[in-house]
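Sequence lines set the chain letters: A, B, ... in the order given, protein chains first and strands last, and positions in each chain run from 1.
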Number of protein chains: 2
Amino acid sequence: MPPRRTPASRRDRPAKPPLSRAGVVAVALRILREEGLEKVTMRRLAGELDTGPSSLYVYLQNMAEVHGAVLDALLADLPMPDPATTKDPRGALTDLLTAYTGLLFGYPSLARSVLALWPSGPNYLRLIDTTIALLDALGVPPRQASWGFDVLLQYATATAAEQATRDESDDSDREWDGLTEAIGRAPGREYPAIARHRDDLFSGTPEQKLRWTLTALINGVAGTPA
Amino acid sequence: MPPRRTPASRRDRPAKPPLSRAGVVAVALRILREEGLEKVTMRRLAGELDTGPSSLYVYLQNMAEVHGAVLDALLADLPMPDPATTKDPRGALTDLLTAYTGLLFGYPSLARSVLALWPSGPNYLRLIDTTIALLDALGVPPRQASWGFDVLLQYATATAAEQATRDESDDSDREWDGLTEAIGRAPGREYPAIARHRDDLFSGTPEQKLRWTLTALINGVAGTPA
DNA sequence: ACCTGAACACCGTTCAAGT
DNA sequence: ACCTGAACACCGTTCAAGT
């Protein structure tokens, strides 16, 4: 029997590295950054790794797991404060949540997918741990911190996900912001509260609103006995 | 030229009602209730209406619009308090948001889709209007009510959407609750805050948590100057 | 155990051609 | 204007058969 060798069809091509979970995730991350989540498909990943789509299922259970792994990889770049030494836990928490929101704003369709996931990678756990620790440092009672952390993270994610809907529609399409349109047009006879608040509803920059909302969430979590 | 008549292939079959947006939405709603959102596809809708999928695009721009229309149809059943006469606006607001969450809990994958939408149908506008009016009645300053209403609605939607992930996995699959697993296993050396709060993180029923969170959100919105 | 090609069972949307 | 069939351009996942 002849020794096993690379098949002729592969000879003189760059050696094909062995498949691995990390390798698949690395390719997924690159495609996400360069072309967006929509292009991260099992077929595309397989193609880039010079194999068939079914081979990926050895390393990842399904597409949701790919998305979760990609989120965790992105979170590695999120600067984490040290809750034990920070002098301004409230500012550090706001900054952390703002940074997390900003990161997801760069990948709104990933944010959308993450809402349907329960991310559980090591970097997401670190984000949870730091959020809870900062609430502790703020003097929030433990049960409130435990029940409150995911309101904070969920709001950040949902805010970025909302952005996805905007990004998908083109400017020429007047439906892109159906709710703003609808609020603007809502007849005062039928929707008196909307009519009364029309100016306030459209006031403020997205940054101002985000900052206010995060503050309101922290205040609510800190000030509401469980 | 002979008069136009129903083609032979349709004779003796029940008369085919003319297509309409309302008709499409009604079928979508029935399929949603009986079989879930996953079965509400353009091809299925077309099949039930005895036509081809392309015909639906005369009445609805895309699948997102179908989902939005279905949500609005469901909201017709949501009991709305009258903000002008209610004596306990805080209780009424909590009840309204709890009822909205409960309604979406029945259709978690719709909730997931709604997060990516900006619903703008008449019944959703009514929900917004009532929420703002109840915040007014609570004495919340107008700008805070204007900025705060969507935190409340978004939380309700996101909470129901989270449920979708659970529903999709079967019991035998231990991954169904990856985050709870991960939190339970998180080593205390690396995640000290999680370890410290382990008991509180798993405490409380979903109902208790929902009630507390809604209260915390209302408190935060009411008590944080914009 | 790992890897594969091919198949299964679908999707949403567009388009040219009718009526 | 409304409606259509067929096509376009894909999907995720499974499975039997390899190595």
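- C:dT14 atom C1' lies 14 Å from atom CD of B:Q61, rounded to whole Å.
- The side chain to side chain contact (heavy atoms under 4.5 Å, CB included) test applied to A:A186 returns A:Y191, A:I194, A:R198, B:L125, not counting sequence neighbours.
- Rounded to an integer number of Å, the gap from A:R21 CZ to C:dC2 P is 14 Å.
- For residues 17-35 of chain B, the pairs satisfying side chain to side chain donor-acceptor pair (under 3.5 Å) are B:R21-B:E65, B:R30-B:E48, B:E35-B:R44, with sequence neighbours left out.
- As rounded to whole Å, 15 Å separates atom P of D:dA9 from atom CZ of A:R43.
- Looking at B:T157 and B:Y100, their side chains do bring a donor and an acceptor atom within 3.5 Å of each other.
- For the pair B:E38 CD and D:dG12 P, the interatomic distance rounds to 16 Å; values are reported in whole Å.
- Atom-to-atom distance recorded for A:I183:CD1 and B:I132:CD1 is 6.5 Å, nearest 0.5 angstrom.
- In terms of the side chain to side chain contact (heavy atoms under 4.5 Å, CB included) criterion, residue partners of B:N123 (sequence neighbours excluded) are, by chain and number, B:D72, B:L75, B:A76.
- In this structure, A:K39 atom NZ and D:dA9 atom C1' are separated by 11 Å, rounded to whole Å.
- What separates CE of B:M63 from C1' of D:dC11 is a distance of 15 Å, to the nearest Å.
- The side-chain contact (heavy atoms from CB on, under 4.5 Å) test with A:L97 singles out one residue from A:L153, A:L210, A:L134, and that residue is A:L153.
- When the P atom of D:dG5 is taken as reference, atom CG of B:L56 falls 12 Å away, rounded to whole Å.
- Out of D:dG12, D:dT13, C:dG12, the shortest distance to the side chain of A:P53 is found at D:dT13.
- Taking the P atoms as reference points, D:dA9 lies 23 Å from C:dC8, given to the whole Å.
- Residues passing the side chain to side chain contact (heavy atoms under 4.5 Å, CB included) test with A:R211 are A:T94, A:D95, A:T98, sequence neighbours excluded.
- For DNA chain C, the stems formed by at least three consecutive Watson-Crick or G-U pairs, with both atom-pair distances below 3.5 Å, span C:4-8 with D:12-16, C:12-16 with D:4-8.
- Rounded to whole Å, atom P of C:dC11 lies 17 Å from atom CG of B:N62.
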Handout entry: side-chain contact (heavy atoms from CB on, under 4.5 Å) evaluation trace for B:H67 with B:L110
Key = CA-CA 7 Å; B:H67 291 177; B:L110 181 63; 4.2 Å; yes

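- Across all strands, B:T41 comes closer than 4.0 Å only to sugar-phosphate atoms, never to a base (heavy-atom distances).
- Using a distance-only test at 3.5 Å, with no hydrogens or angles considered, a donor-acceptor pair links the side chain of B:Q208 to the main chain of B:T205.
- Comparing the same atom, C1', in C:dC2 and in D:dC15 gives a spacing of 15 Å after rounding to whole Å.
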Check: protein-nucleotides 15-18 of chain D nitrogen or oxygen pairs below 3.5 Å:
none

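- Residue order along DNA chain D, read from the 5' end via each residue's closest nucleotide, puts B:S20 first among A:Y57 and B:S20.
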